[in-house]
Amino acid sequence: MNIQLIKFYLSFIVICFINIVKCVELTFELADNAKECFHEEIKKNQTATIEFQVVTGGQYDVDVTVESPTKEVLYRQIKTQFDSHSFTAKVTGVYVACFSNEFSTFSHKLVYMDFQVGDERPLPGIEDHSTVLTQLESSSQEIHKSLNAILDFQTHHRLREAQGRKRAEDLNERVLWWSLSETIAVLVISIAQVIVLRNFFTEKKPSQMNYARMKR
């Protein structure tokens, strides 16, 4: 019984690893006036999902397009911060997902992308199960789903944390420059007031000026 359990969980781990390999998930830097494209081979009638989010940079927006091997535009978004799109491949071939920052002249972007191809494979022995699932198989299936959900939550949490940290750094920089500007303005106004007051006290009174003229 213990050997069967070990084999079952080893198979479970292998299937999870295979599913992870089939998923293209990465974070990349998109320079200003730049365009990055990713190619993925998808078979006919196979489903695919692309999810993206701009983590840092500019107004947190990019242009996104997904094209089929026949150059048909399956998905297009202009200046979008995040989105998710699923589609079914009509033909077998290489599908292209492009991210463009060509509209920006100086802002670099950090973009997260998750390109999943195909449905998730079931656990070993579950797909061709002709009878009711046992309690162990049902529990393993629920654990598998929960682990996948946890991975998604962790990924989105890291993205939100990175985005929040970047915004806090930008806000801190703006506050610093605003404080310096206010300090410089206060110093300039103080110096100007001192100069004006000194001019008031150094000017001669009209009576003194008339007395000086009469003496001449």
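Side chains included, hydrogens not; waters and symmetry mates left out as well; all remaining heavy atoms used.
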Trainee: Please test Glu36 against Cys98 for side-chain contact (heavy atoms from CB on, under 4.5 Å), starting from the C-alpha separation and ending with a verdict.
Mentor: CA-CA 6 Å; Glu36 293 286 345; Cys98 293; over 6 Å; no
Trainee: Do Val73 and Val66 touch side chain to side chain, with heavy atoms closer than 4.5 Å?
Mentor: no
Trainee: Decide whether Phe38 and Val96 are clustered together by the hydrophobic rule: side chain heavy atoms of Ile, Leu, Val, Met, Phe, Trp, Tyr closer than 4.5 Å, transitively.
Mentor: no
Trainee: With under 30° as parallel and over 60° as perpendicular, where do the rings of His85 and Tyr75 fit, or are they tilted in between?
Mentor: parallel
Trainee: Looking at side-chain heavy atoms only, is the closest gap between Ile78 and Phe103 below 4.5 Å?
Mentor: no
Trainee: Nearest 0.5 Å please: distance from the OH atom of Tyr95 over to the NZ atom of Lys90.
Mentor: 9.0 Å
Trainee: Indicate yes or no: at least one non-hydrogen side-chain atom of Asp61 is less than 4.5 angstrom from one of Thr80.
Mentor: no
Trainee: Working to the nearest 0.5 Å, report the span between CD of Glu51 and OG of Ser84.
Mentor: 5.0 Å
Trainee: Roughly how far, to the nearest 0.5 Å, is CG of Asn101 from CG of Leu30?
Mentor: 4.5 Å
Trainee: Is there a side-chain contact between Lys79 and Val62, using heavy atoms and a 4.5 Å cut-off?
Mentor: no
Trainee: Examine distances only and state if a side-chain atom of Thr92 and a backbone atom of Lys44 form a donor-acceptor pair shorter than 3.5 Å.
Mentor: yes
Trainee: Count I, L, V, M, F, W, Y as connected when their side-chain heavy atoms are under 4.5 Å apart, and connections chain through other members. Are Val94 and Ile42 then in the same cluster?
Mentor: no
Trainee: I'd like a table of donor-acceptor pairs (distance under 3.5 Å, sequence neighbours excluded) in which one partner is a side-chain atom from residues 176-192, with atom names and distances.
Mentor:
unit_1	atom_1	unit_2	atom_2	d
Trp178	NE1	Glu182	OE2	2.9
Ser179	OG	Val175	O	2.8
Ser181	OG	Trp177	O	2.8
Thr183	OG1	Ser179	O	2.8
Ser190	OG	Val186	O	2.8

Trainee: For the CD atom on Gln59, are there more than 12 heavy atoms of other groups (residues, nucleotides or ligands in this structure) within a distance under 6.0 Å?
Mentor: no
Trainee: Do Phe115 and Leu26 come within less than 4.5 Å of each other through their side chains, counting heavy atoms only?
Mentor: no
Trainee: At what distance, to the nearest 0.5 angstrom, does CG of Leu74 lie from CZ of Phe87?
Mentor: 6.0 Å
Trainee: Side chains of Val64 and Phe52: does their closest heavy-atom pair fall under 4.5 Å?
Mentor: yes
Trainee: Taking side chain to side chain contact (heavy atoms under 4.5 Å, CB included) as the test, write out the residues that go with Ser107, two or more places apart.
Mentor: Ser104, Lys109
Trainee: Calculate, to the nearest 0.5 Å, the distance between atoms CD and SG belonging to Glu67 and Cys37 respectively.
Mentor: 8.0 Å
Trainee: Run the ring-centre check on Phe99 versus Phe28 and record whether the distance is less than 6.0 Å.
Mentor: yes
Trainee: Enter the distance from Glu102:CD to Asp32:CG here, rounded to the nearest 0.5 Å.
Mentor: 11.0 Å
Trainee: Evaluate the side-chain proximity of Gln53 to Val111: yes if any heavy-atom separation is below 4.5 Å, no if none is.
Mentor: no
Trainee: Answer yes or no: is there a side-chain heavy-atom contact under 4.5 Å between Gln116 and Asp114?
Mentor: yes
